[in-house]
Amino acid sequence: MSIPNQRIVYLNGDYIPENEAKLPFRDRGVKYGDAVFDTTRTFGHEIFKLREHLERLYRSLKYIGIDPGLSLDEMASVSEEVVRCNLPTIAADEDLWVSQRITRGIVDPNERSAWPEYVGPTVIVECLPLPLSTRAKVYRDGIDMIVSSVRRTAPDMLSPRAKTHNYLNLIMADEEVSAQNPEAYALMLDHNGNVAEGRGSNVFFVSQERLYTPQERYVLPGISRQTVMDLAEKLGVPCAEKDYDLFDAYNADEAFIASTSFCICPCRSISGRLFGDGSVPGPVTRRLMDAYVDYVGFDWISQYTRYPVQDTPRL
Ligand code: PLP
């Protein structure tokens, strides 16, 4: 079991207990979601693809125009140190999410008067145990996706390729879907009506043993998504990024989501239509899941499925 009250967070140069970390309420991240973040995970207590995640973080920073004041290598060292400090707070068979969050800080000099020490961006690096115990059910039964009426933000409005703290678009979709079925996962369409992504995951479909995923322009380019594409290539499964509409999706043989924490999690249905006969994972998904386990050298499937199945809201 994890020990939440002993976690350490990095905040603007200091490693401090989480409950001592304070942020000014006038920070632009708090006021407007004017911030970016990235999140990776550990497998068996080792951080996965930290450099790839930080490269994406620095692309998000460049996009919104914040200089974090730390180089990528410095951010990597801080992230490793935060994980090192927090590993004693989890059990040997648990793992961590590790996130870097950078806000624009307090910009208006008038607002800064109460917090003179807050100049420049706010840099936070923090950890949280993965929600392992609540996910056994989706690995056993598969995820039921429901298509939300809320469209993913169009790239010419605010690029979905940047991982910003503006998750309201994704949260609105999720709220709508969870009101219909608290256990279902929202699937969002892009502004053209093609499949985009979920609240915190990319999506793949299998049709006639070929893999399809929405184009990068309309989604967050997930590190897990890229991992799946690389593994598919190694397995000889053709994979295409393309506009994929609901006709395609309803007729797919298999589907799964990909994300840092889920890695690959099979989907059972989309808006009430089963993929195949509804049993999961389908054969191509199974091959990719096994290849993912081999690639990371850690059996994350058993890490989730060893817990008893619970009826819990999605995490
Ligand atoms: N899409 C969105 C909107 C996300 O928030 C995430 C995860 O953070 C993903 C996709 C999956 O990305 P990754 O595989 O890097 O976790």
Side-chain angles (χ1 to χ4, degrees), residues 33 35-43 47-61 63-64 79 95-102 126-128 130-131 135 138 143 145 147-148 150-155 157-177 185-191 194-205 211 213-232 239 241 244 255-265 267 288-289 291-292 295-296 298 300 304 314-315:
V36 293
F37 76 110
D38 217 290
T39 299
T40 183
R41 64 163 285 171
T42 62
F43 285 111
I47 308 183
F48 181 61
K49 292 199 171 176
L50 178 59
R51 185 148 289 270
E52 285 86 337
H53 280 275
L54 292 181
E55 283 167 359
R56 185 175 66 184
L57 175 72
Y58 278 72
R59 287 194 294 273
S60 299
L61 283 163
Y63 175 67
I64 74 161
S79 304
D95 271 301
L96 292 170
W97 262 318
V98 50
S99 300
Q100 306 79 19
R101 304 180 185 277
I102 297 101
E126 49 101 358
C127 275
L128 206 58
L130 288 172
R135 290 182 172 177
V138 281
I143 287 173
M145 296 188 286
V147 178
S148 169
V150 180
R151 298 288 175 95
R152 187 72 179 105
T153 312
M157 297 175 182
L158 180 68
S159 177
R161 296 167 72 188
K163 197 165 165 67
T164 75
H165 267 224
N166 261 284
Y167 260 41
L168 206 45
N169 171 236
L170 299 146
I171 290 168
M172 291 290 284
D174 213 46
E175 287 292 307
E176 182 190 53
V177 162
Y185 283 57
L187 179 66
M188 300 177 79
L189 305 181
D190 66 26
H191 65 299
N194 296 307
V195 169
E197 61 188 331
R199 188 188 69 175
S201 58
N202 294 113
V203 64
F204 285 84
F205 296 90
L211 208 50
T213 197
Q215 294 186 58
E216 173 172 330
R217 177 169 152 74
Y218 301 105
V219 298
L220 183 79
I223 306 301
S224 328
R225 173 182 181 271
Q226 187 58 52
T227 306
V228 168
M229 291 163 90
D230 295 345
L231 292 173
C239 178
E241 286 182 71
Y244 205 78
F256 60 86
I257 62 163
S259 82
T260 286
S261 58
F262 278 108
C263 306
I264 293 176
C265 188
C267 299
L288 286 162
M289 289 172 82
Y292 208 116
Y295 175 68
V296 301
F298 183 84
W300 45 269
Y304 279 119
R314 305 121 320 123
L315 268 174

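One-based numbering, in listed order, for ligands and for the atoms of each. These numbers come from a predicted model, not from an experiment. In what follows, every heavy atom counts, from backbone to side chain, and hydrogens, waters and symmetry copies are set aside.
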Handout entry: Distance-only donor-acceptor check, side chains Ser201 and Ser259, under 3.5 Å
Key = no
Problem - Glu175 CD: over 12 foreign heavy atoms closer than 6.0 Å - result: no
Problem - Residues Arg217 and Glu241 bridged, charged N to O under 4.0 Å - result: no
Handout entry: His53 N/O under 3.5 Å from ligand 1 N/O
Key = no
Exercise for the section: Please work out whether any backbone atom (N, CA, C, O) or any side-chain heavy atom from C-beta onward of Pro160 is under 4.0 Å from ligand 1, and answer side chain, backbone, both or neither. Expected result: neither
Completion exercise
The atoms of ligand 1 lying under 4.0 Å from a heavy atom of Thr260, numbered in the order shown, are 13 (P), 14 (O), 15 (O), 16 (O)
Handout entry: Polar atom proximity, Ser259 to ligand 1 (N or O, under 3.5 Å)
Key = no
Practice task
State whether the shortest distance between N or O atoms of Ser224 and N or O atoms of ligand 1 falls below 3.5 angstrom.
Solution key: yes
Problem - Atom pair CZ/CD1 of Phe256 and Ile143 - distance to nearest 0.5 Å - result: 11.5 Å
Handout entry: Heavy-atom gap Asn202 to ligand 1 smaller than 4.0 Å
Key = yes
Practice task
Using modelled atom types only, decide if a donor and an acceptor are shared between the side chain of Arg161 and the backbone of Leu220 within a distance under 3.5 Å.
Solution key: no
Handout entry: Min heavy-atom dist Arg199 to ligand 1 below 4.0 Å
Key = yes
Practice task
For ligand 1, find out whether one of its N or O atoms is nearer than 3.5 Å to an N or O atom of Glu197.
Solution key: yes
Practice task
For Tyr295 and Leu231, indicate whether the former's side chain and the latter's backbone hold a donor-acceptor pair under 3.5 Å.
Solution key: no
Completion exercise
atom 12 (O) of ligand 1: closest protein heavy atom, distance to 0.1 Å, is Gly222 CA, 3.4 Å
Practice task
Just need the protein heavy atom nearest to atom 8 (O) of ligand 1, so name the residue and atom and give the distance.
Solution key: Lys163 NZ, 2.3 Å
Practice task
Please answer whether the main-chain N or O of Leu158 pairs with a side-chain N or O of Thr153 as donor and acceptor at a distance below 3.5 Å.
Solution key: no
Exercise for the section: May I ask you to check if ligand 1 and Pro221 share an N or O to N or O distance below 3.5 Å? Expected result: no
Practice task
Answer yes or no: does an N/O atom from Arg56 fall short of 3.5 Å to an N/O atom of ligand 1?
Solution key: yes
Problem - Lys/Arg cation over aromatic Phe262: Arg135, 6.0 Å, 45° cone - result: yes
Practice task
Please report which non-hydrogen protein atom sits nearest to atom 5 (O) of ligand 1, along with the residue it belongs to and the distance in Å to one decimal place.
Solution key: Tyr167 OH, 2.3 Å
Handout entry: Result of checking Thr260, Asp38, Thr40, Thr39 against Ser99 for side chain to side chain donor-acceptor pair (under 3.5 Å)
Key = Thr39
